[in-house]
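Below: the structure, in structure tokens.
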Amino acid sequence: MLPVGSGIGKTTLIQKVTQALKSSDVPIDGFYTEEVKEGGRRRGFDVVTLSGKRGPLSRVSSDSSTSRRECRVGQYVVDVVSFEQLVLPVLRNVNQGSDAAKKICVIDEIGKMELFSQAFIQAVRQMLAGSGTVVLGTIPIPKGKPLDLVEEIRSRKDVEVFTVSKENRNNILQDILAAVESCRQ
């Protein structure tokens with residue numbers, strides 16, 4: 001797992017790891033989140049699956065009133081339905097088939113926005129409980145109120161945590177690839 005703050009380059013790093021694994025013919029699936037900008041300003045985030053499907057994760061709210069049913073993180077309203085429609089099939093399908101080598105599932109990220117989905121939490125827990133998949137994920141650096149699933153993941157004995165910073169993000173790629181490869185054995 002890669003705990004990082006925003007703007008560090010974690011998604012770029014995840015994409016580099018994914019490309020390196022794909023070019024080695026490693027079975028891999030999953031998703032990453034990508035900033036959506038308009039006129040140079042961040043308007044929200046999209047979920048992008050490794051198969052190329054895309055949909056909204058969150059958008060800046062245009063009104064300041066908060067509906068009880070809205071899932072919000074700061075100025076962003078989370079589109080839980082869109083997120084689940086894109087991500088849940090990927091998480092469920094990654095365990096299908098009986099390859100000799102373990103598959104890899106990329107989950108970028110397991111954070112506040114994603115954790116509004118109980119089905120996502122359940123799917124991640126199920127995946128971590130099984131032994132057929134290596135999870136390459138990102139989790140936020142602890143600050144404020146702890147996120148239960150994130151802390152659960154962080155404290156697991158079978159999880160290796162790499163802290164990504166602006167200083168090490170260009171040098172850590174080989175370490176992550178080596179760790180993923182050793183997990184697949």
Side-chain angles (χ1 to χ4, degrees), residues 1-23 28-91 104-117 119-121 124 135-147 149-150 153-154 161-177 180:
M1 291 290 159
L2 308 173
V4 291
S6 61
I8 296 293
K10 69 170 171 41
T11 298
T12 304
L13 181 59
I14 284 282
Q15 289 168 331
K16 286 179 181 175
V17 172
T18 300
Q19 287 311 319
L21 293 167
K22 276 184 174 179
S23 66
I28 187 167
D29 205 352
F31 72 93
Y32 59 91
T33 54
E34 198 172 76
E35 271 187 343
V36 175
K37 289 190 171 187
E38 284 174 19
R41 297 183 61 195
R42 187 192 293 157
R43 303 299 304 155
F45 296 91
D46 276 358
V47 172
V48 183
T49 68
L50 297 190
S51 62
K53 293 182 180 166
R54 173 187 285 269
L57 169 61
S58 67
R59 292 294 183 267
V60 172
S61 175
S62 52
D63 70 57
S64 55
S65 68
T66 55
S67 156
R68 282 177 174 274
R69 298 179 61 227
E70 272 185 354
C71 298
R72 295 177 72 99
V73 176
Q75 63 181 337
Y76 301 101
V77 176
V78 180
D79 188 336
V80 177
V81 172
S82 166
F83 173 70
E84 289 181 346
Q85 285 174 341
L86 277 162
V87 166
L88 294 179
V90 172
L91 298 184
I104 296 169
C105 185
V106 173
I107 304 178
D108 171 35
E109 83 183 89
I110 303 168
K112 277 184 184 176
M113 291 185 187
E114 296 80 5
L115 295 179
F116 279 116
S117 168
F120 172 73
I121 293 170
V124 171
V135 176
L136 172 61
T138 61
I139 55 176
I141 287 175
K143 62 179 183 198
K145 186 175 177 239
L147 304 170
L149 181 61
V150 172
I153 291 167
R154 194 187 312 280
V161 176
F162 294 88
T163 301
V164 181
S165 66
K166 284 185 177 175
E167 293 71 40
N168 75 358
R169 68 183 175 197
N170 297 322
N171 307 321
I172 201 168
L173 178 65
Q174 292 307 319
D175 295 342
I176 295 168
L177 286 169
V180 168

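All residue numbers in this chain count up from 1 along the given sequence.
- Remark: the backbone N or O of Thr163 is paired with a side-chain donor or acceptor of Asn168 at under 3.5 angstrom.
- Proximity of Phe31 to Leu86: side-chain heavy atoms (C-beta onward) are nowhere separated by under 4.5 Å.
- Every salt bridge (charged side-chain N to carboxylate O under 4.0 Å, His left out) that Arg43 has, sequence neighbours left out, goes to Glu38.
- From Lys53, atom NZ reaches atom CD of Gln85 across 10.5 Å, with rounding to the nearest 0.5 Å.
- Lys22 places a side-chain heavy atom less than 4.5 Å from the side chain of Ile28.
- Applying the side chain to side chain contact (heavy atoms under 4.5 Å, CB included) criterion to Ala20, with sequence neighbours excluded, gives Leu177.
- Note that CD1 of Ile104 is 7.5 Å distant from CG of Leu136, once rounded to the nearest 0.5 Å.
- Applying the side chain to side chain contact (heavy atoms under 4.5 Å, CB included) test to Val150 and every residue at least two apart in sequence or in another chain returns Ile110, Leu115, Ile139, Pro140, Leu147, Arg154.
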Step-by-step side chain to side chain contact (heavy atoms under 4.5 Å, CB included) determination, Val87 to Glu114: CA-CA 10 Å; Val87 166; Glu114 296 80 5; over 6 Å; no

Just distance, no hydrogens or angles: give the donor-acceptor pairs under 3.5 Å from side chains in residues 73-83, sequence neighbours left out.
residue, atom, partner, partner atom, Å
Tyr76, OH, Arg42, NH1, 3.4
Asp79, OD1, Ser82, N, 3.0
Ser82, OG, Pro56, O, 2.7

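- Counting heavy atoms from C-beta on, the side chains of Leu91 and Ile107 come closer than 4.5 Å.
- For the atom pair Leu57 CG and Phe116 CZ, the distance stands at 10.5 Å (nearest 0.5 Å).
- Shown here are the side-chain hydrogen bond (donor to acceptor under 3.5 Å, both in side chains) partners of Thr18, two or more places apart in sequence or in another chain: there are none.
- Residues Thr12 and Arg169 form no side-chain contact, since every pair of their non-hydrogen atoms from C-beta on lies 4.5 Å or further apart.
- Residues that satisfy the salt bridge (charged side-chain N to carboxylate O under 4.0 Å, His left out) test with Lys145, not counting sequence neighbours, are absent from this structure.
- Evaluation of the side-chain hydrogen bond (donor to acceptor under 3.5 Å, both in side chains) rule for Glu167 yields Ser165 as partners, not counting sequence neighbours.
- With rounding to the nearest 0.5 Å, the separation of NZ in Lys16 from CD1 in Ile176 is 10.5 Å.
- Applying the side-chain hydrogen bond (donor to acceptor under 3.5 Å, both in side chains) criterion to Asp175, with sequence neighbours excluded, gives no partner residue.
- Annotation: side-chain hydrogen bond (donor to acceptor under 3.5 Å, both in side chains) contacts of Gln19 (sequence neighbours excluded): none.
- With respect to the salt-bridge test (charged N to carboxylate O, under 4.0 angstrom), the residues Asp46 and Arg59 qualify.
- A heavy-atom distance below 4.5 Å is found between the side chains of Val124 and Ile153.
- Phe45 has its side chain within reach of Glu35: a pair of non-hydrogen atoms, C-beta onward, lies under 4.5 Å apart.
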